[in-house]
Amino acid sequence: MSLTNFATWMDSIQRRSELALAAVLPEASVAPTRLHEAMRYAVLGGGKRVRPLLVHAAGELAGATATRLDRVACAVELIHAYSLVHDDLPCMDNDVLRRGKPTVHVEFDEATALLVGDALQALAFQVISEAPLADAPSVQLDMLARLARASGSRGMAGGQAIDLEAVGKQLTREELEFMHIHKTGALIRASVSLGARCGSSLGPDAIERLDRYGKLVGLLFQVVDDILDAQSDTATLGKTAGKDADHNKPTYVTLLGLTEARALAESLLDEARNTLTPLGDGANRLDELATFIVHRRF
Ligand code: GRG
């Protein structure tokens, strides 16, 4: 078991993820320079890097090398960054602030923002297919398929489509959960599952357990996001607060109220932590990460 405390570990993964992302992104001096500059603007110097943290925590438990995990961490973060750039576009959420700075279409222009998203998504798949990342090629192929499914119409993009259709509507709790499990949850779940597959020390039961943990944390992340959107302020979040209510979007807070939404987050956290218990001390980072996700301020 590592003796490094959680804050130090988190800081070191965030730093190495930043370096790994800077290395895989094309230099801004390389043509087409404006696109490359905008890609680097969208990805570097911001964000909590929750998905890379999940990749590394699951991968460390599975005995994976940090070099493999860096690549997978880059891939999921590139997909996440692309989704934020497209989500902020005027045709979607139409937002001007992200990670405390102007959104990509504001800083550059809409066409560039569209291309940034396209190029980041392609780069993600390039990064996880260019080097061996698992002990068997069939496992790596499965990882590629998992990332594609998590990003596509049966995953994040599908969840976003449901989100856009839901504006102004009252959703049931089941419908809200379905939307979030896809929109936010699928990539978070994939981060855990891909990290675990970079190593080879886990049996099928442990892999299954981690998948359940990933699903719970994906939902948990969104419940907390809804609470923060309703409760926090723009300066703390680094993105526009109160957006869900302004856009008339159904959320856990509008459906359940703040107190019950908070209770739901705590009960999902308990469930996620209990899921890890049989995995022993090696799963402590994942336990700490779930707790961090619930108690984060932005
Ligand atoms: C455009 C295909 C497409 C999908 C967009 C994820 C998403 C789908 C939209 C983002 C909108 C949003 C605010 C969703 C709520 C949860 C979420 C993903 C928040 C942002 O993620 P964080 O908190 O952001 O991990 P940082 O900046 O820390 O990386």
Side-chain angles (χ1 to χ4, degrees), residues 10 13-14 17-18 21 41-55 73-74 76-101 103-105 110 113-118 120-122 124 147-167 176 179-191 217-230 232 234 236-247 249-253 265 289 292-298:
M10 184 162 82
I13 301 299
Q14 287 167 333
S17 299
E18 185 76 13
L21 286 162
Y41 178 88
V43 176
L44 299 176
K48 297 176 289 297
R49 310 300 190 204
V50 163
R51 294 146 194 85
L53 289 163
L54 286 165
V55 168
C74 281
V76 293
E77 190 66 12
L78 290 168
I79 299 272
H80 170 58
Y82 123 69
S83 80
L84 298 180
V85 174
H86 279 192
D87 184 65
D88 290 332
L89 281 168
C91 62
M92 297 219 190
D93 256 16
N94 192 17
D95 215 327
V96 295
L97 190 70
R98 172 70 67 184
R99 294 176 167 174
K101 55 186 191 181
T103 47
V104 176
H105 67 274
E110 268 184 60
L114 195 70
L115 289 172
V116 163
D118 295 341
L120 291 179
Q121 178 160 217
L147 187 61
R149 281 199 295 271
S151 310
S153 66
R154 307 283 296 275
M156 183 181 73
Q160 179 77 347
I162 300 169
D163 181 287
L164 293 171
E165 280 166 23
V167 172
L176 194 64
M179 174 172 95
H180 289 320
I181 278 178
H182 290 78
K183 187 180 94 165
T184 314
L187 193 60
I188 287 183
R189 190 175 180 179
S191 303
V217 169
L219 191 56
L220 173 61
F221 187 93
Q222 185 61 55
V223 177
V224 174
D225 200 75
D226 285 356
I227 295 171
L228 290 174
D229 183 76
S232 193
T234 300
T236 308
L237 293 180
K239 60 181 181 180
T240 315
K243 222 168 56 172
D244 295 332
D246 291 351
H247 291 206
K249 278 194 180 178
T251 70
Y252 279 99
V253 175
L289 255 177
F292 164 76
I293 285 168
V294 174
H295 298 294
R296 72 201 158 101
R297 292 184 54 248
F298 63 96

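Counting starts at 1 for both ligands and their atoms, in listed order. Just so it is clear, the model here is predicted, and its values are computed rather than measured.
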- Mind running salt bridge (Lys or Arg N to Asp or Glu O under 4.0 Å) on Lys239 and Asp93 for me, showing each step along the way? CA-CA 12 Å; Lys239 60 181 181 180; Asp93 256 16; over 6 Å; no

- Note on the structure: Under 4.0 Å from one or more heavy atoms of Gln222, ligand 1 contributes atoms 15 (C), 16 (C)

- Item | Nearest-contact summary for atom 8 (C) of ligand 1 - protein heavy atom, Å | Gln160 OE1, 3.4 Å

- ligand 1 contact by Asp225, heavy-atom criterion under 4.0 angstrom: yes

- Query: Does ligand 1 have an atom under 4.0 Å from some heavy atom of Lys239?
  - Reply: yes

- With sequence neighbours excluded, what pairs up with Leu89 under the side-chain contact (heavy atoms from CB on, under 4.5 Å) test? His86, Cys91, His105, Glu110, Ala113, Leu114

- Would the number of heavy atoms belonging to other residues, nucleotides or ligands and lying under 6.0 Å from CZ of Arg154 be above 12? no

- Message: Could you tell me, atom by atom, which parts of ligand 1 come under 4.0 Å of a heavy atom of Ser83?
- Response: 1 (C), 4 (C), 5 (C), 6 (C), 7 (C)

- Between His80 and the options Leu187, Val50, Thr184, Ile188, the side-chain contact (heavy atoms from CB on, under 4.5 Å) test singles out Leu187

- Message: To check your reading of the model: name the closest protein heavy atom to atom 12 (C) of ligand 1, its residue, and the distance in Å.
- Response: Lys183 NZ, 4.1 Å

- For ligand 1, which atoms sit closer than 4.0 Å to a heavy atom of His86? 1 (C)

- Task: Return yes if some donor-acceptor pair links the side-chain N/O of Lys48 with the main-chain N/O of Leu53 below 3.5 Å, else return no.
- Result: no

- Identify the closest protein heavy atom to atom 11 (C) of ligand 1: which residue and atom is it, and at what distance? Asp87 OD2, 3.1 Å

- Which atoms of ligand 1 have any heavy atom of Gly47 under 4.0 Å away? 26 (P), 27 (O), 28 (O), 29 (O)

- Under-4.0 Å heavy-atom contact with ligand 1, by part of Phe221 that carries it: side chain

- Message: Could you identify the single nearest non-hydrogen protein atom to atom 23 (O) of ligand 1 and state the distance to 0.1 Å?
- Response: Lys48 NZ, 2.6 Å

- Item | Counterpart residues, ring pair (Phe, Tyr, Trp, His ring centres under 6.0 Å), relative to His180 (two or more places apart) | Tyr252

- Query: For ligand 1, which part of Arg49 has a heavy atom less than 4.0 Å away: the side chain, the backbone, both, or neither?
  - Reply: neither

- Note on the structure: Logged contact type for Arg99 with ligand 1, heavy-atom cut-off 4.0 Å, is side chain

- Side-chain (Thr103) to main-chain (Asp95) donor-acceptor, under 3.5 angstrom: yes

- Is there a donor-acceptor pair under 3.5 Å between the side chain of Asp226 and the backbone N or O of Thr251? no

- Query: How far is atom 18 (C) of ligand 1 from its nearest protein heavy atom, and which residue and atom name does that atom have?
  - Reply: Arg51 NH2, 3.7 Å

- Item | Side-chain heavy atoms of Arg296 within contact of Phe221, under 4.5 Å | yes

- Do Arg49 side-chain atoms and Gly46 backbone N/O form a donor-acceptor pair below 3.5 Å? yes

- Shortest protein heavy-atom distance from atom 21 (O) of ligand 1, along with the residue and atom involved: His80 CE1, 3.2 Å

- Query: With atoms numbered from 1 as shown, which atoms in ligand 1 lie under 4.0 angstrom from a non-hydrogen atom of Tyr82?
  - Reply: 2 (C)

